[in-house]
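These notes are about the structure you will find just below.
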There are 2 protein chains.
Amino acid sequence: MTTAVTLCCMVIEHGAPEPLYRQLAAIIRDRIASGEYPPRTRVPSITQLAAEHDIAEMTARKALDLLVGEGLLIAVSGRGTFVT
Amino acid sequence: MTTAVTLCCMVIEHGAPEPLYRQLAAIIRDRIASGEYPPRTRVPSITQLAAEHDIAEMTARKALDLLVGEGLLIAVSGRGTFVT
DNA sequence: GCCCATTTGTACGTATGTATG
DNA sequence: GCATACATACGTACAAATGGG
């Protein structure tokens, strides 16, 4: 028996029990784990993340801050945010 | 020879190279280390910290978030923020 | 159970500064 | 100089949890 991993359609839901910034952090965490965002590459900018997921920039920033705090990302002022 | 420890007048300075929220976090960290805020006790609320140090509530909140992330504090919704 | 004050949590808005290319 | 991107800081509103009366 195979294990079906359903990662399709990772969409942020307003009004979900999980807060928006945690939902976004989880999505990015998954993309890092899956190799979609390999080490040393740049993740989308705060502006891009906010636009793509239809959330406020502050909320996108909070998601990245969380992952930076976890050590998964490193933010470099003026350049972007990178996978460790 | 004695070692003089100057912890007097820990005042937050606007315009200092160190950002306000880091200054406040450092002050709280020192008070925990010195025993002024012993384990399991409550630190001042965000509203109190903001008023006492003449900074915005968001800035005080960010300082606490930083220390929560470091594991020095635990925030309990509706009750307060406590020293671990 | 209910109301109220307090406190943290989440989310959005805005402005300015700093760093990079 | 300029565009992009992160950093800091203030402002605001509402939700949720807690505890006291």
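Order of the sequence lines sets the chain letters (A, B, ...), proteins ahead of strands, with each chain counted from 1.
- What separates CD of E57(B) from C1' of dT12(D) is a distance of 10 Å, to the nearest Å.
- The hydrophobic clustering, which links ILVMFWY residues whose side-chain heavy atoms are closer than 4.5 Å, places I55(B) and L49(B) together.
- Going from atom CD1 of I12(B) over to atom CZ of R22(B) covers 13.5 Å, rounded to the nearest 0.5 Å.
- Of the options L20(B), I27(B), T59(B), a side-chain contact (heavy atoms from CB on, under 4.5 Å) to H53(B) is made by I27(B) and by none of the others.
- Of the residues in residues 65-84 of chain B, S77(B), G78(B), R79(B) come within less than 4.0 Å of DNA chain D through at least one heavy atom, sorted by number.
- When every heavy atom of V83(A) is checked against every heavy atom of P38(A), the shortest pair comes out as CB-O, 3.4 Å.
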Might you work through the side chain to side chain contact (heavy atoms under 4.5 Å, CB included) test for L73(B) and V43(B), ending with a clear yes or no?
-> CA-CA 9 Å; L73(B) 298 177; V43(B) 300; 3.9 Å; yes
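- Between M58(A) and Y21(B), the one whose closest nucleotide on DNA chain D sits nearer the 5' end is Y21(B).
- Checked by atom type and distance alone, the side chain of T84(B) pairs as donor or acceptor with a backbone atom of G71(B) at under 3.5 Å.
- Heavy atoms only, all atoms of each residue included: A50(B) and A60(B) are closest at N-CB, 4.1 Å.
- With the nearest nucleotide of DNA chain C identified for both L20(A) and R61(A), L20(A) has the one nearer the 5' end.
- Near DNA chain D, meaning a heavy atom under 4.0 Å away, the residues from residues 39-47 of chain A are R42(A), S45(A), I46(A).
- Taking each heavy atom of A63(A) and A25(A) in turn, the nearest pair found is CB-N, 3.9 Å.
- With a heavy-atom cut-off of 4.0 Å to chain A, the contacted part of DNA chain C has its first and last nucleotide at dT10(C) to dG21(C).
- The CD1 atom of I12(B) sits 14 Å away from the P atom of dT8(D) (whole-angstrom rounding).
- Side-chain atoms of E57(A) do not come within 3.5 Å of backbone N or O of I46(A) as any donor-acceptor pair.
- Taken from CZ in F82(B) to CZ in R42(B), the straight-line distance is 6.5 Å, to the nearest 0.5 Å.
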